[in-house]
Amino acid sequence: MLVGLLLLIAAILVIWERRELIGDALEAVRHPAPLDVAILLGCVAINIMLSGVVFHLLMLRYGKVGFFEMQALIASATLFNYLPLRPGLLGRIAYHKAVNNIAVVDSAKTVFQAMLCSLLVAGWLGVALGISRWLDISIWIGVILPMPILLGSGLFSTWRLWLWALGARYIDLMVWAVRYWVAFKLIGVDIAPATALACACIGMFTMLIPFFSNGLGLREWAIGLTVPLFDDQIVLMEIGMTADLVNRAAEVMGVLALGLVGIGLLLLSRKLHTKEKP
């Protein structure tokens, strides 16, 4: 957590130190388009909701958790995961044991299964991006190709829950790509869809690394260092860092708002449940 905070502070200091080089980007951030801000915040909310869908589907094999209950759990856990040692993750597992009577080992399985879903979709799109660039073909071929398989074949397969969870995570990554496209737009930089998808893949990989709460600090540097490698129009790492800091700011605001709502709903639900007991 300390390393993540230091990386985040270092990213801010680097941007401030070289503010003259990226003056246009910083000026654009001072006067954001309200619609773009709304889209960015809306995408944050959709990402949290889709994560709730992924865990709800994966948890169906081990116990009964209400759909909206899982949404509240994921929103509150995402907020707590910004604290050291990711207490949101441990708290959610403890909640499932105490309230839903789901074994700790089964809850832990869904965590690793969700991580595997993220690795698979980010890995697929990463390979598709590399092939599209190598063969000079449209990235949309690689984007669209797995969608019918993920969403359609689950209707007739014993793996339907896995496939639907993969489909939800795949859509989740698409929403992340929209977030990066809007974040760059807010700093006055128009990026190609392939660049937005690459940023989404990199961001998802960094958030899977243990001990870095939601990829804090690590994600900003990863985006800043890699964007110039696959987008010839962006030559300064500070541009990528600035865009991801804008993305992070929207994320923190969205997670804080939805996390507090989720905590309130869970507390209210437990209070009502306690009153109903004879």
Student check: side-chain heavy atoms of [X] and [Y] closer than 4.5 Å:
| X | Y | value |
| --- | --- | --- |
| Trp221 | Val14 | yes |
| Trp140 | Pro193 | yes |
| Tyr82 | Val255 | yes |
| Arg248 | Met253 | no |
| Val227 | Ile239 | no |

Would [X] end up clustered with [Y] when hydrophobic side chains under 4.5 Å apart are linked, directly or stepwise?
| X | Y | answer |
| --- | --- | --- |
| Leu83 | Met207 | yes |
| Trp124 | Leu197 | yes |
| Leu79 | Leu90 | no |
| Leu57 | Val54 | no |
| Met174 | Val121 | yes |

Measure the [atom1]-[atom2] distance between [X] and [Y] for me, rounded to the nearest 0.5 Å.
| X | Y | atom1 | atom2 | result |
| --- | --- | --- | --- | --- |
| Cys117 | Leu166 | SG | CG | 4.0 Å |
| Ile187 | Thr242 | CD1 | OG1 | 5.5 Å |
| Arg30 | Leu186 | CZ | CG | 14.5 Å |
| Thr195 | Ile223 | OG1 | CD1 | 10.5 Å |
| Met70 | Leu58 | CE | CG | 8.5 Å |
| Leu173 | Leu50 | CG | CG | 11.0 Å |

[X] side chain to [Y] backbone, donor-acceptor under 3.5 Å:
| X | Y | answer |
| --- | --- | --- |
| Arg169 | Met115 | no |
| Asn100 | Gly63 | no |
| Ser269 | Leu265 | no |

Can you give me the closest heavy-atom contact between [X] and [Y], atom names plus distance?
| X | Y | result |
| --- | --- | --- |
| His96 | Ser107 | CB-OG, 3.5 Å |
| Thr206 | Leu218 | O-CD2, 4.2 Å |
| Glu69 | Leu266 | O-CD2, 4.2 Å |
| Val65 | Ile102 | CG2-CD1, 3.7 Å |
| Cys43 | Val178 | SG-CG1, 3.7 Å |
| Ser132 | Ile139 | OG-CD1, 3.8 Å |

Query - Full working for side-chain contact (heavy atoms from CB on, under 4.5 Å) between Asn47 and Arg179 - result: CA-CA 10 Å; Asn47 283 138; Arg179 278 176 60 176; 2.9 Å; yes
Query - Phe112 CZ: over 12 foreign heavy atoms closer than 6.0 Å - result: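 No, the 6.0 Å shell around CZ holds no more than 12 heavy atoms from other groups.
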Query raised in the report: When you look at CH2 of Trp181, are more than 12 heavy atoms from neighbouring residues, nucleotides or ligands closer to it than 6.0 Å?
Result: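 Counting other residues, nucleotides and ligands, CH2 of Trp181 stays at 12 neighbours or fewer.
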Requested in this report: Using the side-chain contact (heavy atoms from CB on, under 4.5 Å) rule, take Gln113 and Thr110 through it: C-alpha gap first, then chi angles, then the decisive distance, then the call.
Outcome: CA-CA 5 Å; Gln113 289 166 2; Thr110 64; 4.2 Å; yes
Query - Working for side-chain contact (heavy atoms from CB on, under 4.5 Å), residues Trp162 and Leu116 - result: CA-CA 10 Å; Trp162 257 101; Leu116 180 58; 3.7 Å; yes
Requested in this report: Determine, step by step, whether Asp244 and Tyr180 satisfy the side chain to side chain donor-acceptor pair (under 3.5 Å) criterion, reporting the C-alpha distance in whole Å, the side-chain angles of both residues, the deciding distance to 0.1 Å, and the verdict.
Outcome: CA-CA 7 Å; Asp244 200 62; Tyr180 275 107; 2.6 Å; yes
**Report entry** Contacts of type side-chain contact (heavy atoms from CB on, under 4.5 Å), residue Val127, not counting sequence neighbours
**Finding:**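 Once residues adjacent in sequence are excluded, the partners of Val127 under the side-chain contact (heavy atoms from CB on, under 4.5 Å) criterion are Ile131.
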**Report entry** Working for side chain to side chain donor-acceptor pair (under 3.5 Å), residues Glu220 and Asn247
**Finding:** CA-CA 9 Å; Glu220 286 76 5; Asn247 198 356; over 6 Å; no
Query - Passing option when Ser76 is tested against Leu258, Ile263, Asn81, Leu267 for side chain to side chain contact (heavy atoms under 4.5 Å, CB included) - result: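 Filter result, single survivor: Ile263.
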Query - side-chain contact (heavy atoms from CB on, under 4.5 Å) between Val246 and Leu40, intermediate numbers included - result: CA-CA 9 Å; Val246 170; Leu40 191 57; 4.1 Å; yes
Query raised in the report: Does the cation-pi check pass for Arg92 over Phe80, that is, NZ or CZ under 6.0 Å from the six-membered ring centre and within 45° of its axis?
Result: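 Cation-pi check for Arg92 and Phe80: fails.
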Query raised in the report: Is a salt bridge present between Arg219 and Glu251, judged by a nitrogen-to-oxygen distance below 4.0 Å?
Result: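 Yes, Arg219 and Glu251 are salt-bridged.
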